[in-house]
Amino acid sequence: MDRNCEALLYSTQKSVGAVLKQPDASDVLHPITYHSRTLRDYEKNYAITELECLGIVDALDKFYYYLHGQKFVIHTDHAAPVWLKNVKNLRAHHPQTNGKVERVNQSLVTRLKCKVNSTSTKVPWTKLLESVTNEYNLTPHSITKYLPAYLLLGTLPYDSPIGQNSYYEPVNEARNLALQRTIDYHNKNKRYDARFVDKKFNPGHLVVYEEFHYPNTRKLSPPFSGPYEIIKQCSEVTYEINKPNPLSKQATQIVHISKLRCFHSPDKLKLSHE
């Protein structure tokens with residue numbers, strides 16, 4: 001992984017897909033992994049430019065653990081997405097790259113899993129998403145102490161019988177308090193972040209791999225698989241492990257460090273009474 005990867009994309013009116021390749025010492029590209037899927041019903045209404053952008057976003061999402069923290073090249077046969085190169089503030093245009101948005105998405109996914117697992121009938125998670133989002137917006141936030149719906153729209157989770165809000169401060173005052181509480185919490189966490197020790201694995205180390213879980217994954221499904229052995233470090237953030245790759249049919253897989261945890265053998269675990 002000392003050479004930049006290249007993602008070759010394609011988009012049609014029916015599907016999107018990509019191939020992630022990497023050149024060898026002779027600059028010959030070799031495939032690492034593949035991805036393709038059919039378009040959802042609403043995506044079939046996209047214009048060709050939107051489909052090309054969808055292909056880019058979809059590929060980067062699927063290849064995240066190969067590309068995160070690395071330079072890479074995107075190949076597309078459509079000229080319109082080139083404007084992305086001129087975007088200086090990506091977060092302003094693409095809120096999904098904002099950590100706060102990612103935290104909200106994580107909360108929604110967690111709630112969605114609980115809802116799916118508590119539903120007796122097999123209701124598709126897409127049908128439950130609206131109620132989950134509504135519940136999130138009408139639940140007080142642990143940091144701000146306010147409902148997201150109240151801060152954004154001034155909406156209460158109930159109809160006041162006296163026609164006025166006697167529980168929360170006025171919206172503008174509540175927003176200022178929520179902002180200050182968020183800043184205070186962020187500053188507090190900075191002290192914990194300063195103690196963070198970056199993990200590092202060496203060849204031969206045993207690790208467990210964090211599996212991807214869809215919203216309808218069973219609640220008690222194990223979050224990790226393994227143990228696997230570290231074969232080599234491919235870059236600062238990627239490792240090759242002896243986990244079979246079902247897509248490429250290879251005996252090993254290159255994974256991002258954020259998906260790995262140290263494996264502790266049960267035989268070596270001891271209870272301490274001190």
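Below, each value reflects all heavy atoms present in this structure, side chains not excepted, and no hydrogens, waters or symmetry copies. If you're wondering where the values come from, they're calculated on a predicted model, not measured in any experiment.
- The line from CG of L147 to OG1 of T139 is 7.5 Å long, rounded to the nearest 0.5 Å.
- Between the CG atom of L20 and the NE2 atom of H35 there is a distance of 12.0 Å, given to the nearest 0.5 Å.
- Side-chain atoms of E240 do not come within 3.5 Å of backbone N or O of I231 as any donor-acceptor pair.
- Put simply, the side chain of K259 gets close to the backbone of E210: a donor and an acceptor are under 3.5 Å apart.
- Without hydrogens or angle criteria, N134 side chain to E130 main chain gives no donor-acceptor distance under 3.5 Å.
- At distances below 3.5 Å, not a single donor-acceptor pair connects side-chain atoms of Y209 with backbone N or O atoms of Y228.
- Distance alone, capped at 3.5 Å, is enough to place a donor-acceptor pair between the N242 side chain and the E229 backbone.
- Under the 4.5 Å side-chain heavy-atom criterion for ILVMFWY residues, no single connected hydrophobic cluster contains both I32 and L8.
- The main-chain N or O of V28 is never found under 3.5 Å from a side-chain atom of S26 such that the two would form a donor-acceptor pair.
- Under the rule for a side chain to side chain contact (heavy atoms under 4.5 Å, CB included), the partners of Q13 that lie at least two apart in sequence or sit in another chain are L51.
- No donor-acceptor pair under 3.5 Å is formed between the side chain of T238 and the backbone N or O of C234.
- Using a distance-only test at 3.5 Å, with no hydrogens or angles considered, no donor-acceptor pair links the side chain of R181 to the main chain of I143.
- Residues E211 and P223 have side chains not in contact (no heavy-atom distance under 4.5 Å, counting atoms from C-beta outward).
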Chi angles and distances behind the side-chain contact (heavy atoms from CB on, under 4.5 Å) call for H205, F263 = CA-CA 8 Å; H205 280 179; F263 172 73; over 6 Å; no

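- Note that the OH atom of Y136 and the OG atom of S131 stand 15.5 Å from one another [nearest 0.5 Å].
- Judged by distance alone, the side chains of D184 and Q180 do bring a donor and an acceptor atom under 3.5 Å apart.
- The distance from atom NZ of K71 to atom SG of C5, rounded to the nearest 0.5 Å, is 14.0 Å.
- Placement of L29 and F72 in two distinct hydrophobic clusters is found when ILVMFWY residues are connected by side-chain heavy-atom separations under 4.5 Å, directly or transitively.
- To the nearest 0.5 Å, atom CG of residue L67 and atom CG of residue D61 are 11.0 Å apart.
- Each of Q22, H75, K21 was scored for a side chain to side chain donor-acceptor pair (under 3.5 Å) with E6, with one residue passing: H75.
- A heavy-atom distance below 4.5 Å is not found between the side chains of K232 and Y239.
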Hey, mind stepping through T144 and L177 against side-chain contact (heavy atoms from CB on, under 4.5 Å) and telling me if it holds?
-> CA-CA 7 Å; T144 66; L177 285 171; over 6 Å; no

In sequence, state the C-alpha distance, the side-chain angles, and the governing distance for I74 and L60, and then conclude on side-chain contact (heavy atoms from CB on, under 4.5 Å).
-> CA-CA 10 Å; I74 295 177; L60 296 185; 4.2 Å; yes

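- The NZ atom of K44 sits 10.5 Å away from the OG atom of S15 when rounded to the nearest 0.5 Å.
- Q250 places no side-chain N or O within 3.5 Å of a backbone atom of T252 that could act as its donor or acceptor partner.
- Looking at H68, its side chain never comes within 3.5 Å of a backbone N or O of Y65 through a donor-acceptor pair.
- With sequence neighbours excluded, the residues forming a salt bridge (charged side-chain N to carboxylate O under 4.0 Å, His left out) with R37 are E43, D58, listed by chain and number.
- In this structure, E236 does not pair ionically with K200, as no charged nitrogen and carboxylate oxygen lie closer than 4.0 Å.
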Walk me through it: do F201 and L260 pass the test side-chain contact (heavy atoms from CB on, under 4.5 Å)?
-> CA-CA 9 Å; F201 303 107; L260 300 177; 3.8 Å; yes

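- Applying the side chain to side chain contact (heavy atoms under 4.5 Å, CB included) test to L153 and every residue at least two apart in sequence or in another chain returns T155.
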